[in-house]
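A, B, ... follow the sequence lines: proteins, then strands. Residue 1 opens every chain.
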Number of protein chains: 2
Amino acid sequence: MEDNTARFEKLLVKNGLKRTAPRLQVLEILSGRDSATSQPYLEQVMGKDADRVTLYRVLQAFEEKGIIHKVLDQQGTANYAICSDGCSAHEHHDEHVHFNCDNCHKIYCLDTVKIPALKVPAGFKVNHLNLIATGLCASCADKVN
Amino acid sequence: MEDNTARFEKLLVKNGLKRTAPRLQVLEILSGRDSATSQPYLEQVMGKDADRVTLYRVLQAFEEKGIIHKVLDQQGTANYAICSDGCSAHEHHDEHVHFNCDNCHKIYCLDTVKIPALKVPAGFKVNHLNLIATGLCASCADKVN
DNA sequence: CATTTTAATGCAATTATGTTGCAAATATAA
DNA sequence: TTATATTTGCAACATAATTGCATTAAAATG
């Protein structure tokens, strides 16, 4: 478990990215959470450890390499989660459902839920599907009772 | 066709909103388009006819009343489309698929395509589904050939 | 039709969010 | 250890969105 750092270093090298403090920190934070993490939250947690601009660039680099994927919540805020193994710079495989809790505002990657195939009007060519469900997550639904 | 204005005035009154120039103008613009309209586009078209702030407030009021609905595109930009008749202040019925063209960036409301039901993990309570498909719209797919 | 009331607008100021160019610092290769 | 290529941090800028408040305009009232 504490070998996280070693694992992250490998991940960076594999993607041709240098092993730098801000990058390791972002991976550390994201991996320690059970839901997608918003850009503002990351910014807050990293505090003065890294410049705002650096954070943007780290996230952008990670997304391009397929290390993380971005989900926009209902407000249009960017949230990031570490990709499952299938992803690469060439192609993301994040066609799973995202669940945005109305109460705690967490965004969960429901990796097990596949997006159903879709019939679109003639002529349209679908490339990518993006499904966000909103409602109450298991933990919040519980509390309401 | 030119009775649009009368129709819009009714719509406003029905929702307890005063008949003002900026509101009528927004309805006019939105109704004249075949796809959802971005906030920046509206702002540009309205020009100095209305203050930016007024536009924000008009859109917000319309959304609350169920007159229009908001769709975020892949960049998180707000786009607006007039709701079909089923909508009201109490509840939006915009659970149709939105199609975001990678080429022309238009957002189409595919009213005829219903979002399929979804199986989520135990405990999660789904309230709302939001599906955005990306790819090429009929007109752009055509041009590519 | 004049007046009162209420809602909506426009403006100024502020905050949040995201981007660019460039010099300095740092990681890796040589 | 030095060279090189990348990454960072800073400053400046650009864009998007929000708030408070005085003014204006719409509808309700008498």
Side-chain angles (χ1 to χ4, degrees), chain A residues 5-6 8-29 36-65 67-68 70-80 89 105 107, chain B residues 5-6 8-29 36-65 67-68 70-80 89 105 107:
Chain A
T5 308
F8 294 151
E9 290 182 359
K10 255 194 191 163
L11 185 60
L12 290 176
V13 171
K14 192 179 76 184
N15 285 284
L17 297 172
K18 290 186 176 171
R19 186 211 64 109
T20 67
R23 286 176 178 164
L24 289 172
Q25 197 182 354
V26 168
L27 290 174
E28 203 64 62
I29 295 171
T37 303
S38 73
Q39 197 277 338
Y41 177 86
L42 280 167
E43 199 172 315
Q44 185 204 315
V45 170
M46 313 238 332
K48 62 170 208 53
D49 290 350
D51 192 79
R52 254 162 45 78
V53 178
T54 299
L55 177 56
Y56 280 114
R57 288 193 276 225
V58 166
L59 293 171
Q60 189 184 312
F62 283 3
E63 201 188 355
E64 278 166 9
K65 299 296 185 178
I67 296 174
I68 62 178
K70 169 161 47 172
V71 202
L72 299 177
D73 64 20
Q74 293 327 95
Q75 286 78 246
T77 305
N79 284 256
Y80 297 91
H105 298 110
I107 295 186
Chain B
T5 308
F8 293 151
E9 290 181 359
K10 255 193 192 165
L11 186 61
L12 290 176
V13 171
K14 193 179 75 183
N15 285 284
L17 298 172
K18 289 185 178 172
R19 186 211 62 110
T20 68
R23 286 175 178 166
L24 289 172
Q25 198 182 353
V26 167
L27 289 175
E28 203 63 63
I29 296 171
T37 303
S38 72
Q39 197 278 339
Y41 176 86
L42 280 167
E43 197 172 316
Q44 186 203 315
V45 170
M46 314 242 327
K48 62 172 207 54
D49 290 350
D51 192 79
R52 258 163 48 79
V53 177
T54 300
L55 177 55
Y56 281 114
R57 288 193 276 225
V58 167
L59 293 172
Q60 188 184 312
F62 283 3
E63 201 189 354
E64 276 165 12
K65 298 296 185 179
I67 297 174
I68 63 179
K70 171 163 41 175
V71 201
L72 299 176
D73 65 19
Q74 292 328 95
Q75 286 78 247
T77 304
N79 284 256
Y80 297 90
H105 298 109
I107 295 186

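Side-chain contact between B:F8 and B:R23 is absent, with no heavy atoms from C-beta onward closer than 4.5 Å. Put simply, the side chain of A:L72 does not reach to within 4.5 Å of the side chain of B:Q75, judged on heavy atoms. B:T5 places a side-chain heavy atom less than 4.5 Å from the side chain of B:E9. Contact of the B:Y56 side chain with the B:Q39 side chain is registered, since non-hydrogen atoms from C-beta on lie closer than 4.5 Å.
Closest approach of A:A78 to A:K70, counting heavy atoms only: CB-CD, 3.8 Å.
Here the P atom of nucleotide C:dT26 and the CG atom of A:L17 are 19 Å apart, to the nearest Å. Here the P atom of nucleotide C:dT9 and the CG atom of B:D49 are 13 Å apart, to the nearest Å. With rounding to whole Å, A:L55 atom CG is found 12 Å from C:dT17 atom P. Going from atom CD of A:E64 over to atom P of D:dT6 covers 14 Å, rounded to whole Å. When the P atom of D:dA14 is taken as reference, atom CD of B:Q75 falls 21 Å away, rounded to whole Å. Atom C1' of nucleotide C:dG10 and atom CD of B:E43 are separated by 14 Å, given to the nearest angstrom. Rounded to whole Å, atom P of D:dT7 lies 17 Å from atom CD of A:Q25. Between B:Y56 atom OH and C:dA12 atom P the separation is 18 Å, expressed in whole Å.
B:R52 contributes a side-chain N or O that forms a donor-acceptor pair with the base of D:dA17 under 3.5 Å. Judged by atom type and distance alone, B:K18 reaches the base of C:dT6 through a side-chain donor-acceptor pair under 3.5 Å.
Checking the phosphate oxygens (OP1, OP2) of C:dT19, no side-chain nitrogen or oxygen of A:Q60 falls inside 4.0 Å. Contact check, B:Q39 against D:dA16: no side-chain N or O comes under 4.0 Å of OP1 or OP2. When the side-chain nitrogen and oxygen atoms of B:T54 are compared with OP1 and OP2 of C:dG10, one or more of them lie within a distance under 4.0 Å. Within the 4.0 Å cut-off from OP1 or OP2 of C:dT26, not a single side-chain nitrogen or oxygen of A:T20 is found.
Using a 4.0 Å heavy-atom criterion, one finds that A:R57 contacts the bases of the nucleic acid, with or without backbone contacts as well. B:A50 comes within 4.0 angstrom of sugar-phosphate atoms only, judged by non-hydrogen atoms across all strands, and of no base.
Both A:K48 and B:T77 lie near DNA chain D, and the one whose nearest nucleotide falls closer to the 5' end is A:K48. Nucleotides of DNA chain C nearest to A:G76 and B:V58 differ in position, and the one nearer the 5' end is that of B:V58.
Comparing C:dT20, D:dT18, D:dT8 by their nearest atom to the side chain of A:V53 picks out C:dT20.
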